[in-house]
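Note sheet for the following structure.
In what follows, every chain begins at residue 1, and chains take the letters A, B, ... in the order their sequences are listed.
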Number of protein chains: 2
Amino acid sequence: MALSPHVPELGALELLLAVARLGSVGRAAAEVGVSQPTASARIKGMERQIGVPLLERSPRGSRPTEAGRLVVEWARQVVEAAQALDAGIDALRERRDAKLRVVASLTVAEYLMPGWLLALAEASPGTAVTLRTANSAEVAGHVLAGDADLGFVEGPTTPPGLAGAVVAADRLVVVVAPGHRWARRRAPLTGTELASTPLVLREPGSGTREVLEMALTPYGGAVPPRMELASSTALKAAAMTGAGPVCLSELAVVEELATRRLVEVPLAEELDLRRPLRAVWPAGQRPGGPARELLGLTRRSSGRPPRRKG
Amino acid sequence: MALSPHVPELGALELLLAVARLGSVGRAAAEVGVSQPTASARIKGMERQIGVPLLERSPRGSRPTEAGRLVVEWARQVVEAAQALDAGIDALRERRDAKLRVVASLTVAEYLMPGWLLALAEASPGTAVTLRTANSAEVAGHVLAGDADLGFVEGPTTPPGLAGAVVAADRLVVVVAPGHRWARRRAPLTGTELASTPLVLREPGSGTREVLEMALTPYGGAVPPRMELASSTALKAAAMTGAGPVCLSELAVVEELATRRLVEVPLAEELDLRRPLRAVWPAGQRPGGPARELLGLTRRSSGRPPRRKG
DNA sequence: AGAGAGCCATAGGTTCAGGCTATGTCCTCA
DNA sequence: TGAGGACATAGCCTGAACCTATGGCTCTCT
């Protein structure tokens with residue numbers, strides 16, 4: 001799926017959003033730091049590229065056309081994702097002046113951190129953050145050693161020597177391609193059924209694998225997997241090509257489920273494949289300053305709309 | 001919030017994703033249609049821009065570094081949003097060869113259509129779709145007149161002469177800035193409280209306004225609004241600057257709630273601010289072909305992860 | 001009615017990012 | 001030891017994008 005040449009560049013989308021917000025090409029130009037004719041030409045270029053007029057120009061300013069309103073709203077989604085990427089990139093640089101050093105498990109760093117960092121950057125501009133990834137044991141080590149101010153781990157318990165708070169919950173899901181037999185299934189999968197089905201999974205030793213095996217122990221344990229792959233991405237790709245039921249973190253497939261490129265198979269209530277995600281810090285040493293602030297952002301916000309149950 | 005100059009362009013992000021997927025710069029170059037040296041230079045440019053090596057190069061190919069894996073995953077979000085934008089843009093052109101003509105209410109077109117169109121494009125490449133927006137009455141008219149093959153409306157009933165199916169539900173929410181007094185509120189707002197609070201709202205006559213007034217009738221009706229604004233965007237901006245409680249469609253603020261730039265105020269169970277979104281077609285004339293396919297994609301998929309209740 | 005201000009479009013000239021081809025280097029495998 | 005695959009470098013070239021200066025339009029205020 002390559003992007004068609006009709007999609008404007010990020011800079012152009014940003015400019016369009018500024019025009020919609022400020023009501024004038026000239027003011028938008030000033031805001032993004034280019035000359036007015038440049039902005040004008042850029043918008044015109046977008047219109048040519050897209051094939052539809054986006055702005056109604058008048059001597060008193062410019063407003064989006066009907067189609068323009070749609071493009072603006074769609075573009076906002078792209079720019080917001082880019083801002084999250086930006087916030088993440090900013091945290092990847094090693095910096096001497098870092099005021100907050102975070103170590104997180106891969107799942108948290110991949111799917112939740114960018115949103116949190118973006119919110120933090122908006123709430124407290126100038127807070128330099130550095131981010132590293134590590135597995136849960138290493139995270140605990142770094143936090144205990146004082147290499148990091150705040151850690152994020154996944155798993156049922158808080159590591160010894162640390163205090164922590166659950167900030168979100170991940171959940172394993174079973175997904176199949178839309179054409180798969182189970183895609184139309186309404187009856188929830190029982191533990192027995194799941195345990196007896198060869199699944200496509202991550203390698204042994206991964207966090208998700210452990211959760212699944214733990215949950216299936218009461219049902220006699222899982223049969224050997226149909227396939228073992230090294231990354232969430234590989235799992236998703238396998239699922240889409242119809243390689244049979246795949247079990248992985250919900251966070252990895254939110255987008256695919258929403259656009260129905262993958263379908264979630266309902267699971268029986270008896271199966272609990274949830275896994276808490278925790279912020280951790282040295283016991284008895286309450287986080288202050290930027291760490292406290294980041295912690296505040298993660299509370300009651302999972303990076304995705306919360307699910308309600310019961 | 002301008003994007004920093006550290007964010008690579010969409011083309012570069014796409015190239016990076018291809019490298020991660022294919023395991024080689026050269027193969028990725030071939031896929032996106034540039035020469036190998038160009039791809040190599042582009043990746044190198046990204047690394048300089050970001051300030052961190054993204055790939056581990058070897059004579060056998062290239063794999064993302066630890067930081068690279070994070071950037072790849074974050075970039076995927078951006079590119080997927082761009083693909084949705086692309087699918088939307090493609091549907092905005094007026095085309096003679098359109099196989100499927102859709103008319104949708106603004107809320108559906110803005111927030112749900114891009115994902116559906118993307119899914120449709122992936123499932124059936126080459127299906128030319130055209131999209132227009134209209135209010136619910138106009139949508140019904142277009143569908144009845146045969147100007148459109150499929151319509152999407154919001155509101156409690158299916159318009160006369162049409163058959164329909166609920167494909168998703170929107171929900172009005174009350175949001176405030178994180179600094180607002182109510183942001184820390186745990187006790188749900190009662191109907192009486194909400195009715196007696198001056199809110200920031202859309203103008204009278206808008207769909208959301210009607211839903212709110214209907215829901216507050218049992219409590220003596222709403223007091224006059226504190227402010228009336230013309231668009232969801234204006235409402236969001238007002239909320240973020242702390243203009244007091246704002247009531248608008250949940251779909252408009254999913255992202256802001258997730259990153260905690262806005263906070264949802266809990267509402268009492270007694271208040272039902274949900275509003276069904278329906279697909280409609282001429283009564284007795286079941287949609288076939290592409291319309292049927294699109295309809296299939298919208299079922300059980302709300303464009304966002306479904307909420308569970310009870 | 002006329003002057004001024006605000007906004008967008010056009011013209012002309014310049015710079016530099018990004019592309020391509022050809023070639024070099026390094027490692028692996030037969 | 002030679003061939004093949006993979007990434008890097010060199011040198012050249014095109015064109016996209018930017019800037020300044022200017023023009024035309026409409027609304028408003030005097």
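- Annotation for R27(A) and L22(A): closest pair NH2-O, 3.0 Å, computed over non-hydrogen atoms.
- Closest to the side chain of S62(B), from the set dC8(C), dT28(C), dC7(D), is dC7(D).
- Comparing dC7(D), dC19(D), dC20(C) by their closest approach to the side chain of V25(B) singles out dC7(D).
- Picking from dA6(D), dA21(D), dT9(D) the nucleotide with the shortest atom distance to the side chain of K44(B) gives dT9(D).
- Considering only side-chain atoms of S40(A), the nucleotide from dC7(D), dC7(C), dA9(C) that sits closest is dA9(C).
- Of all heavy-atom pairs spanning F152(B) and V108(B), the tightest one is CB-CG1, 3.9 Å.
- At a cut-off of 3.5 angstrom, counting only N and O atoms as typed in the model, there is no donor on one side facing an acceptor on the other between the side-chain of Q36(B) and the base of dA6(D).
- Here the C1' atom of nucleotide dA9(C) and the CD atom of E47(A) are 12 Å apart, to the nearest Å.
- The side chain of T38(B) has dG19(C) as its nearest neighbour among dG19(C), dA21(D), dA8(D).
- Listed nucleotides: dC26(C), dG19(C), dC25(D). Nearest to the side chain of P59(A): dC25(D).
- Of the side-chain N and O atoms in R60(B), none sit less than 4.0 angstrom from OP1 or OP2 of dC29(C).
- Between the P atom of dC8(C) and the CG atom of L22(A) lies a distance of 11 Å, rounded to the nearest Å.
- What you find for G88(B) and L117(B) is that their closest heavy atoms are CA-CD1, 4.1 Å.
- Atom CG of L15(B) and atom P of dG19(C) are 9 Å apart (whole Å).
- Taking the side chain of S35(B) as heavy atoms from C-beta on, and the options dC20(C), dC7(D), dC25(D), the nearest nucleotide is dC20(C).
- One can place CZ of R63(A) at 15 Å from C1' of dC7(C), the figure rounded to the nearest angstrom.
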Passes salt bridge (Lys or Arg N to Asp or Glu O under 4.0 Å), E122(A) versus R261(B)? Steps please.
CA-CA 8 Å; E122(A) 290 189 349; R261(B) 279 171 292 174; 3.5 Å; yes
